[in-house]
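These numbers were taken from a predicted model, which means no experiment stands behind them. Scope of the values below: all heavy atoms of this structure, side chains included, with no hydrogens, waters or symmetry mates. Every number for a ligand or one of its atoms is a count from 1 in the order of the listing.
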Amino acid sequence: MTDKSLILLGGGGHATVLWEVLSLTECDVLGFVDPRPREDSVLALHARYLGDDGTVLLHDPQRVALINGIGSTASTQARRAIYQRFTAQGYEFAELVHPGALVSRLDTLFGMGVQVLAGAVIGPAVRFGDNVLINSRALVEHDCEVGAHCHVASGAVLCGGVRLGQGVHVGAGATIIQGVTVGDGAIIAAGSAVIKDVPATTLVAGVPARIKRTLDR
Ligand SMILES: CC(=O)SCCNC(=O)CCNC(=O)[C@H](O)C(C)(C)COP(=O)(O)OP(=O)(O)OC[C@H]1O[C@@H](n2cnc3c(N)ncnc32)[C@H](O)[C@@H]1OP(=O)(O)O
């Protein structure tokens with residue numbers, strides 16, 4: 001974890017989860033930014049509202065680091081966009097690991113700003129790119145490679161040696177069997193069982209998962 005003070009980007013559901021994780025750490029959290037904060041959002045947890053996203057730029061990137069509070073339910077584009085916007089301005093994103101996650105540090109590599117939430121299990125020799133989100137109770141087995149900006153949603157399972165390209169969304173409760181490769185920008189529907197490689201920018205769904213359509217990106 002960084003020594004810098006932290007600013008949370010976003011105030012919605014994912015930010016609320018992160019706010020709780022932050023409350024379990026010793027970090028100095030300045031507050032959150034959001035263009036349109038809602039009363040039933042992280043505000044309800046008495047988080048300090050700093051202003052819209054542009055407020056971040058009032059803070060020296062040498063002194064503050066950011067937490068990506070944008071979630072995703074399918075496309076990971078919004079999480080990627082805000083990450084790229086602020087890294088281009090010289091800001092760093094802090095790693096955030098819930099104390100109730102089990103993370104092997106045996107040859108496991110984290111990119112910048114990786115988030116691992118409650119109950120997630122990460123096996124040895126796993127490689128995470130930047131801005132990866134491993135959501136609650138997900139399982140990432142040994143030797144997996146998870147590209148930048150991927151979201152492995154709640155309860156999803158990556159068996160050993162799975163390779164995800166960049167910006168892949170693995171839906172809640174989906175399982176990808178060992179050795180499968182998933183191309184950049186693919187979306188795996190919730191609850192699917194993926195038993196063979198998935199081409200880039202396709203949506204796959206079902207048990208076993210089949211291609212439903214090509215995504216427009
Ligand atoms: C903490 C958190 O909450 S993290 C967020 C976790 N949430 C998720 O991971 C949600 C993942 N989202 C899904 O699974 C959605 O159903 C999506 C993204 C796949 C739907 O995508 P859309 O583009 O809206 O697809 P649409 O609903 O039109 O369905 C396309 C086809 O896939 C099928 N399909 C969609 N979802 C599923 C699914 N989960 N399982 C099986 N088939 C599915 C549809 O029946 C349809 O099939 P058809 O073309 O044969 O009729």
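Note: an N/O pair closer than 3.5 Å links A172 and ligand 1 by distance alone. Considering backbone and side-chain atoms together, N135 places no N or O closer than 3.5 Å to any N or O of ligand 1. At under 3.5 Å, a nitrogen or oxygen of H169, whether backbone or side chain, sits near a nitrogen or oxygen of ligand 1. Among the atoms of S72, none of the N or O lies under 3.5 angstrom from an N or O of ligand 1.
Within the 4.0 angstrom cut-off, atom 45 (O) of ligand 1 has no protein heavy-atom neighbours. For atom 12 (N) of ligand 1, a protein non-hydrogen atom is found at a distance below 4.0 Å. Distances from atom 15 (C) of ligand 1 to the protein include no heavy-atom value under 4.0 Å. Closer than 4.0 Å to atom 41 (C) of ligand 1 lies at least one heavy atom of the protein. Atom 32 (O) of ligand 1 lies below 4.0 Å from at least one non-hydrogen atom of the protein. The protein reaches atom 4 (S) of ligand 1 closely, with a heavy atom under 4.0 angstrom from it. Remark: atom 27 (O) of ligand 1 lies closer than 4.0 Å to no protein heavy atom. Atom 24 (O) of ligand 1 is not flagged as protein-proximal [any protein heavy atom, distance under 4.0 Å].
Each of L164, V162, D197 was checked for a side chain to side chain contact (heavy atoms under 4.5 Å, CB included) with T181, and the lone residue meeting it is D197. Screening E95, H98, H14 against Q115 for a side chain to side chain donor-acceptor pair (under 3.5 Å) leaves a single residue, H14.
Residues L43 and L18 are members of one and the same hydrophobic cluster, defined by side-chain heavy-atom contacts under 4.5 angstrom among Ile, Leu, Val, Met, Phe, Trp and Tyr.
Within ligand 1, the atoms closer than 4.0 Å to a non-hydrogen atom of H151 are 4 (S), numbered from 1 in the order shown. Distances below 4.0 Å separate heavy atoms of G171 from the following atoms of ligand 1: 9 (O). The contact set between ligand 1 and A74, taken as ligand atoms under 4.0 Å from a residue heavy atom, comprises 18 (C).
A donor-acceptor contact closer than 3.5 angstrom links the side chains of S72 and H151.
When heavy-atom distances to ligand 1 are checked against a 4.0 Å cut-off, R213 comes that close only through its side chain, counted from C-beta outward. The side chain of A153, and not its backbone, has at least one atom closer than 4.0 Å to an atom of ligand 1 (non-hydrogen atoms only; side chain from C-beta on). The parts of A190 lying near ligand 1 are both backbone and side chain, judged by heavy-atom distances below 4.0 Å. With a 4.0 Å heavy-atom cut-off, ligand 1 is reached by no atom of V17. Under 4.0 Å from ligand 1, the heavy atoms of L203 that appear belong solely to its side chain.
For atom 34 (N) of ligand 1, the closest non-hydrogen atom of the protein is A205 CB, 3.9 Å. Remark: minimum distance from atom 49 (O) of ligand 1 to any protein heavy atom is reached at K212 CD, 4.2 Å. Nearest protein heavy-atom contact of atom 10 (C) of ligand 1 is T73 O, 3.3 Å.
One distance of note links CG of L106 with CD1 of I122; it measures 14.0 Å at 0.5 Å rounding. Rounding to the nearest 0.5 Å gives a distance of 5.0 Å between CD1 of I188 and CD1 of I176. Here CG of N131 is found 8.5 Å from CE of M112. Values are rounded to the nearest 0.5 Å. To the nearest 0.5 Å, atom CG of residue D216 and atom OG1 of residue T214 are 10.0 Å apart. For the atom pair I195 CD1 and T175 OG1, the distance stands at 12.0 Å (nearest 0.5 Å). Residue L117 holds its CG atom at 5.0 Å from CG of N135, rounded to the nearest 0.5 Å.
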Residue pair V146, L158: steps toward the side-chain contact (heavy atoms from CB on, under 4.5 Å) verdict: CA-CA 10 Å; V146 179; L158 308 188; 4.0 Å; yes
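The closest donor-acceptor contact from the side chain of Y83 to the backbone of F93 lies at 3.5 Å or more, if one exists at all. The backbone N or O of V194 sits nowhere less than 3.5 Å from a side-chain atom of S192 that would complete a donor-acceptor pair.
At least one test fails for R127 against the ring of F110: distance under 6.0 Å to the centre or angle within 45° of the axis.
At least one heavy atom of S154 sits less than 4.0 Å from an atom of ligand 1. Ligand 1 is approached by G206 to a heavy-atom distance shorter than 4.0 Å.
The residue from A189, A138, A174, A193 that puts a heavy atom closest to atom 37 (C) of ligand 1 is A189.
Looking at Q84 and H149, their side chains come closer than 4.5 Å, going by heavy atoms from C-beta outward.
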